[in-house]
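For the single chain, residues carry numbers from 1 onward in sequence order. Given the structure is predicted, the values throughout are model-derived calculations rather than measurements.
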Amino acid sequence: MKTGIKGIRRVSAVAITAGAVLTAGAFAAPAQAATLPTPTITAAGGFVMNNGTGKSLFTKAADTRRSTGSTTKIMTARVVLGQSNLNLDSKVTVQKAYSDYIVNNNWASSARLIVGDKVSVRQLLYGLMLPSGCDAAYALADKFGSGSTRDARVKSFIGKMNATAKSLGLTNTHFDSFDGIGHGSNYSTPRDLTKLASNAMKYSTFRTVVGTKSTKQKVTTKSGGYRYMTWDNTNTLLGSYAGTIGVKTGSGPEAKYCLVFAATRNGKTVIGAVLASSSVPNRTADAKKLLDYGFKK
């Protein structure tokens, strides 16, 4: 059978029209949003939230209680900064008990405070949070606890740490030490530590201290002279991850490697914690992954 030229044109027109419909239908289909892959971390637990809204962005065993190591010192600083009529320039004389404590505890990190030196509360906060000085933590607990003996004052200070945890709604947190060298009952969770850090960051002094990479402090010696103390921050995110503003490292035989972290980019602050990571490099890598993820969410 022969098909005329008019017939060919009609067939072609139908084919073109059908093709146009198929093409239009393809473009009309709603675009599927790319799913952001959830990061994998080596840490046993992790949590990230938007600090401005409190919205949870990532969880991994976020409410499982674990040893916290020196991230405990976030609460040490928070209790000090929460004192009424706090004078950050008041002086504390370094006692032999503080240096003996370092000697007697293998896992105690030190701010290298020297017996007889007079250091300010502000300087002790730097010694506490940058080199993670357990001697500085002891000095602050002794200074701000209540009681007629050092033991009583330390016990009182730890009581204040637990009372503050309760007031902040940290239901899976308990402290039995001022520095994280626990005695069987010093624990928190990634979610609780993140909430604690978020609250502590409301204090300008805390923000200044934990955002400092290195500091050189002039302290008064026992003889009335002076010396300089240089402290470097153990948080390697400072200077290696753009926008980092804190917060605190931690480690220990039970805690393994912990990091509470925060960064701000384009007006958005992401804050979080990883507990029981496998090494110092891995806890840093975990934090970077979670920050990247948090900023994209």
(request) Give the C-alpha distance, both sets of side-chain angles, the deciding distance and a yes or no for side-chain contact (heavy atoms from CB on, under 4.5 Å) between S188 and M75. (result) CA-CA 11 Å; S188 189; M75 181 59 89; over 6 Å; no

For [X] and [Y], which I'm curious about, is there any donor-acceptor pair between the side chains at under 3.5 Å?
X    : Y    : value
D179 : T76  : no
N172 : T189 : no
D135 : S110 : yes
S132 : T234 : no
S214 : D232 : yes
T40  : K289 : no

Do [X] and [Y] sit in one hydrophobic cluster, given that two such residues count as connected whenever their side-chain heavy atoms are within less than 4.5 Å of each other, even indirectly?
X    : Y    : value
L238 : Y257 : no
L259 : V280 : no
L86  : M161 : yes
V154 : L125 : yes
I158 : L168 : yes

With a 4.5 Å heavy-atom cut-off, do [X] and [Y] have their side chains touching?
X    : Y    : value
D292 : Y241 : yes
I74  : M129 : yes
C134 : I102 : yes
R65  : D192 : no
C258 : R66  : no
K73  : S109 : yes
K288 : S240 : yes
S185 : Y187 : yes

Examine distances only and state if a side-chain atom of [X] and a backbone atom of [Y] form a donor-acceptor pair shorter than 3.5 Å.
X    : Y    : result
R112 : T230 : yes
T164 : K160 : yes
N50  : T53  : yes

(message) Please check if the number of heavy atoms outside K155 that lie under 6.0 Å from its NZ is greater than 12.
(response) no

(message) Check this for me: Q217, atom CD, are more than 12 non-hydrogen atoms of other residues, nucleotides or ligands nearer than 6.0 Å?
(response) yes

What are the two closest heavy atoms between [X] and [Y], and how far apart are they?
X    : Y    : result
A165 : F175 : CB-CE1, 4.3 Å
K256 : S277 : CB-O, 3.4 Å
P190 : A61  : CD-O, 3.8 Å
V115 : S99  : CG2-OG, 3.5 Å
F58  : P39  : CE1-O, 3.7 Å
A273 : V260 : CB-CG2, 4.0 Å

(message) If the condition is ring-ring contact (aromatic ring centres under 6.0 Å, His included), which residues does Y203 pass it with, not counting sequence neighbours?
(response) none

(request) List in chain and number order the residues that pass ring-ring contact (aromatic ring centres under 6.0 Å, His included) with Y101, two or more places apart in sequence or in another chain; answer none if no residue qualifies. (result) Y138, F178

Could you measure the distance from the [atom1] atom of [X] to the [atom2] atom of [Y]? Nearest 0.5 Å is fine.
X    : Y    : atom1 : atom2 : value
I245 : R265 : CD1   : CZ    : 12.0 Å
M49  : T59  : CE    : OG1   : 13.5 Å
L88  : T205 : CG    : OG1   : 4.5 Å
K118 : K222 : NZ    : NZ    : 9.0 Å
S278 : R283 : OG    : CZ    : 11.0 Å
L237 : L291 : CG    : CG    : 6.5 Å

(message) Please evaluate residues V121 and L140 with respect to the criterion side-chain contact (heavy atoms from CB on, under 4.5 Å), reporting the C-alpha separation (whole Å), side-chain torsions for both, the decisive distance (0.1 Å), and the verdict.
(response) CA-CA 7 Å; V121 171; L140 289 166; 4.2 Å; yes

(message) What verdict does the side-chain hydrogen bond (donor to acceptor under 3.5 Å, both in side chains) test give for S120 and D89, after you've listed the backbone C-alpha separation in whole Å, the side-chain angles of each residue and the deciding distance to 0.1 Å?
(response) CA-CA 5 Å; S120 70; D89 296 316; 5.1 Å; no

(message) Clusters formed by hydrophobic residues whose side-chain heavy atoms approach within less than 4.5 Å: which one holds Y228, and what are its other members?
(response) Y226

(message) Please enumerate all residues that pass salt bridge (Lys or Arg N to Asp or Glu O under 4.0 Å) together with D63, with sequence neighbours excluded.
(response) R191

(request) Could I get the full list of salt bridge (Lys or Arg N to Asp or Glu O under 4.0 Å) partners for D176, not counting sequence neighbours? (result) none

(request) Among I271, V247, N235, V274, find the one that has a side-chain contact (heavy atoms from CB on, under 4.5 Å) with F261. (result) V274

(request) Please report the C-alpha distance between N233 and T212 in whole Å, then the side-chain angles of each, then the deciding distance to 0.1 Å, and finally whether the side-chain hydrogen bond (donor to acceptor under 3.5 Å, both in side chains) criterion is met. (result) CA-CA 7 Å; N233 203 320; T212 299; over 6 Å; no

(request) Name all residues meeting the side chain to side chain contact (heavy atoms under 4.5 Å, CB included) criterion together with K297; count only those two or more places apart in sequence or in a different chain, and write none if there are none. (result) L36, L57, Y293

(request) Under the side-chain contact (heavy atoms from CB on, under 4.5 Å) rule, what do V80 and L128 come out as? Steps first, then yes or no, please. (result) CA-CA 11 Å; V80 171; L128 174 78; over 6 Å; no

(request) Could you walk me through whether V94 and I114 pass side-chain contact (heavy atoms from CB on, under 4.5 Å), step by step? (result) CA-CA 6 Å; V94 178; I114 296 173; 6.0 Å; no

